[in-house]
Number of protein chains: 2
Amino acid sequence: MSSLERRIRDIFGERCSFSLTERVAYSFDATRQRAIPDCVVFPENADEVGELFRVARESRIPVVPRGAGSGFSGGTVPVSGGVVVSFERMDRILDIDEVNLVARVEPGVVLGNLQSAVESMGLFYPPDPSSRDFCTIGGNIAECAGGPSGFKYGVTKDYVLALDNVLPSGEFLRTGVETVKGVVGYNLTSLIVGSEGTLTVVTGATLKLLPKPEHVETLLIGFRSTEEACRGVNEIIRKKVVPRTIELIDSTAVECVREFSPVDIPDGAGAFLLIDVDGFESDVKAQVRRVKEAVTSLPVVSLQVEEDPDGRESLWALRRAISPSLLKVNPTKINEDITVPRARLPEVMRRVRELSEETGIPIVNFGHAGDGNVHVNIMIDGDDPAQVKKAEEVLREIFALTVSVGGTISGEHGVGISKKPYIGMELSPRQIEVMKRLKRLFDPDNILNPHKIFPD
Amino acid sequence: MSSLERRIRDIFGERCSFSLTERVAYSFDATRQRAIPDCVVFPENADEVGELFRVARESRIPVVPRGAGSGFSGGTVPVSGGVVVSFERMDRILDIDEVNLVARVEPGVVLGNLQSAVESMGLFYPPDPSSRDFCTIGGNIAECAGGPSGFKYGVTKDYVLALDNVLPSGEFLRTGVETVKGVVGYNLTSLIVGSEGTLTVVTGATLKLLPKPEHVETLLIGFRSTEEACRGVNEIIRKKVVPRTIELIDSTAVECVREFSPVDIPDGAGAFLLIDVDGFESDVKAQVRRVKEAVTSLPVVSLQVEEDPDGRESLWALRRAISPSLLKVNPTKINEDITVPRARLPEVMRRVRELSEETGIPIVNFGHAGDGNVHVNIMIDGDDPAQVKKAEEVLREIFALTVSVGGTISGEHGVGISKKPYIGMELSPRQIEVMKRLKRLFDPDNILNPHKIFPD
């Protein structure tokens, strides 16, 4: 047993593993990028994380925090080995406070469990990435997770009031206050949310809650084309409605699901908007009327409204059928999450289609059109080097287009290792330099989740 | 003419002043604390600010950005002299984009002007400090300004998407993206909002807009006591209503305005809640019903609802009458903005009343009860040293109470110089140390608005 292994066992006892099987199990995330750590530990409190950092600093070994490993940017892949810190044993909801409208949680709480718990009390925690049934709050905070409801409700950063952190020095740092207003000192909490686990390790969070909307209705609106659907988004916004979600299912995605769609796809429907509106029942009715008025200026092919849970779910089934259906197009999915000012969506979608036609590479698009946040899925055979190379060129062109219209190459997945080669397309050398100096300020020994986000 | 004066005149031409009259005019803010700068400059663009910093660095003189000077913490008072940078000539609204729901502005735009402009297009910019008719967006960003609508709509940080900054090195730094989602690199924008003009000088901002709520109704509800009014707040929140504002007018404030109130104050009414609800008309009606149901569990003394602008304004007149009426209590107002978890409001208000009784110092309270944000006004004769000393003791006790219940000593005014002696009551030495290191990272020569927020 090495002295390092002995020191780690002294801290964690049985709650650490050096076996290859477990190390492999904690080596990858949803990108399938992989690097095998030297060990995996399962803390039960912040003290243990602090002690781990003291060992890690002396030995100069990396510490990589990990939620459920469902990220799309390789953020939790231990690219230079070291210790993976899995928070699965810190999964308690400590408190749900219905007057102060806050929840206090440990980082390993599964998002869906928190949502169920608060909803049973008539409360609401809006961020809703599609991994909600397994992703953790700690991972959501690291990546500033979003989801369809971002259009009305914002993203994770809008709901984090205060954090308990462990610094790479092993010291504790509390940030923020548990009230919505609070301006004493710098806003460290917002700096840490979305920092991809590279500045501090979060061991506790106080989250803002809302009252749960009492009524939700879902509209599925068929358009002739993707561009007309995108214009539909803009017409809805001009009508001053704020739906909870405005999801786009573009023509390529419609083609993917057409044969085995769970919903009838009418002839002539080339693209859909899937819209949830929520609020008091009378308010929802008013919003649904307004959405219908908004789209009548366009040649709408179909329009369905459902208000009971089963009916709503049957419309959402169309959206949920897309991801599984992609694999019939090609075995490898390069899943991006560009976000553009929503008025620029029609031209961006048009250019993406042209790129697909020019290169012969299928690109399937769907996502959160209300936010201008589109999941662009470049479908290739990953074992064919020529396709991989061509896909890389297509990706660069899509990113260049995104940045040129004032958008961002990542709306919600983060940079991690996947987008690290591209951040110079969006950020200036000066922006990167300031951020790298911030990283050094928090982590002078570069032991916390190193080699992420920024080119070395 | 000194060489420094010549270099500043080279940059700004006629748009700078070294005269005592103008220097005095830019020496104070709403706290009436004062320090006379060496000169005042009026930039028309970011380049001039960058050039100023190059001069300031060489000469090691402070640069102090200034909006309208309406702040309540001395944030723009040039405590160690130097150059005050007034943004009154950078007051253009550059663009209001009704599809992307953003506005692009220069920092000197008056908040009320921006609000009128966007409202004329059916849009809405919610932050609403009571200085809205003269305070500027740049000042709002520096202090993370709030106001009554914070309960439903949050505060300035929730509306700033991107910033153009000048660093103390004289270099430009763009932060953020113009979309609601965006997770590439660290969130520098949120770090800068609320940093009280100590990290960068903001020369442009992209702000998020919402559709303007179509209908607003106002309720004025009279309770027997402050504590019952506070309990009313909690009952409303339990009913899952989210009013735009829930303002508390406590018994001390009612006494101040009773004789010349613009509104009839019924016998037995010792405190009021003033509530705005907004949305579609049908939604507003539902919310008003819900608020009425919520307060029926308490002995309500009076309840008025108004929906036309004049009627609503007549109810708000009660709230607006408080500040001017304070001076009849005592000539000097120590105006604080503590914020506590709202469930703790009743006990905090009770203890503040006891403190007032114990010390004989009148304390008048009103504010944004939905946020737990109360403006505690300690009324003294500032020329009486004994009263000043006693008020200082009362203040410390109120701050200690606030922190002990999990609140913050400043919800929206900032620290500046006014609260600098007290931040150690809320922030730990480690928090302060991390923040001071951040300050040094951005401003290694300590020339940007020095000696603010943190004890030297």
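Model, not experiment: these values are computed from the prediction. Side chains are part of it too, since the values below use all heavy atoms of this structure and drop only hydrogens, waters and symmetry mates. The chains referred to below are lettered A, B, ... by the order of the sequence lines, with proteins before strands, and numbering in each begins at 1.
Note: Y186(A) and F442(B) fail the aromatic proximity criterion, with ring centroids not under 6.0 Å apart.
When heavy atoms are compared at a cutoff of 4.5 Å, E281(A) does not approach chain B at all. If you measure heavy-atom distances from N100(A) to chain B, the contacts under 4.5 Å come from both the backbone and the side chain. Heavy-atom distances place both the backbone and the side chain of E412(B) under 4.5 Å from chain A. The contact between R174(A) and chain B is made by backbone and side chain atoms together, counting heavy-atom distances below 4.5 Å. With a threshold of 4.5 angstrom between heavy atoms, H413(B) approaches chain A through N, CA, C or O but not through any side-chain atom. Of the two parts of V340(B), only the backbone, made up of N, CA, C and O, holds a non-hydrogen atom closer than 4.5 Å to a non-hydrogen atom of chain A. K208(B) does not touch chain A: none of its heavy atoms, backbone or side chain, sits under 4.5 Å away. The part of E426(A) that comes within reach of chain B is its side chain, from C-beta onward, which places non-hydrogen atoms under 4.5 angstrom from that chain. Using a 4.5 Å cut-off between heavy atoms, I453(B) contacts chain A through its side chain alone, with no backbone atom that close. Only the side chain of T179(B) comes within contact range of chain A, with at least one heavy atom under 4.5 Å from a heavy atom of that chain. With a threshold of 4.5 angstrom between heavy atoms, F124(A) does not approach chain B through any atom at all. Of the two parts of R342(A), the backbone and the side chain both hold a non-hydrogen atom closer than 4.5 Å to a non-hydrogen atom of chain B. Residue K419(A): no heavy atom, backbone or side chain, is found under 4.5 Å from chain B. Looking at T175(B), only its backbone comes within 4.5 Å of chain A, counting heavy atoms on both sides. Proximity to chain A (any heavy atom under 4.5 Å) is restricted, for E143(B), to the backbone atoms N, CA, C and O. Of the two parts of L427(A), only the side chain, counted from C-beta on, holds a non-hydrogen atom closer than 4.5 Å to a non-hydrogen atom of chain B. Of the atoms belonging to V184(A), heavy atoms from both backbone and side chain fall under 4.5 Å from chain B. Y422(B) does not touch chain A: none of its heavy atoms, backbone or side chain, sits under 4.5 Å away.
When each of G154(A), G406(A), S195(A), G279(A) is checked for heavy-atom pairs under 4.5 Å with chain B, S195(A) comes out on top. Taking R440(A), K439(A), K285(A) one by one and counting their heavy-atom pairs under 4.5 Å with chain B, the maximum is reached by K439(A). The choice from G407(B), G185(B), P213(B), G194(B) that makes the most heavy-atom pairs within less than 4.5 Å of chain A is G185(B).
The distance from atom OG of S428(A) to atom CD of E171(B), rounded to the nearest 0.5 Å, is 10.0 Å. In this structure, CZ in R437(A) is found 13.5 Å from CZ in R437(B), a value given to the nearest 0.5 Å.
Closest approach of L191(A) and N187(B) over heavy atoms only: CD1-O, 4.1 Å. Scanning all heavy atoms of the two residues, the minimum distance from P211(A) to V242(B) falls at CG-CG2, 3.4 Å.
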* **side-chain contact (heavy atoms from CB on, under 4.5 Å) assessment of L167(B) paired with R430(A)** => CA-CA 11 Å; L167(B) 295 167; R430(A) 187 166 298 140; 4.1 Å; yes
* **K240(A)/E214(B) under salt bridge (charged side-chain N to carboxylate O under 4.0 Å, His left out): CA gap, chis, key distance, verdict** => CA-CA 9 Å; K240(A) 317 300 182 204; E214(B) 295 186 358; over 6 Å; no
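Partner of K181(A) under the side-chain hydrogen bond (donor to acceptor under 3.5 Å, both in side chains) criterion, chosen from D337(B), D371(B), T339(B): D371(B).
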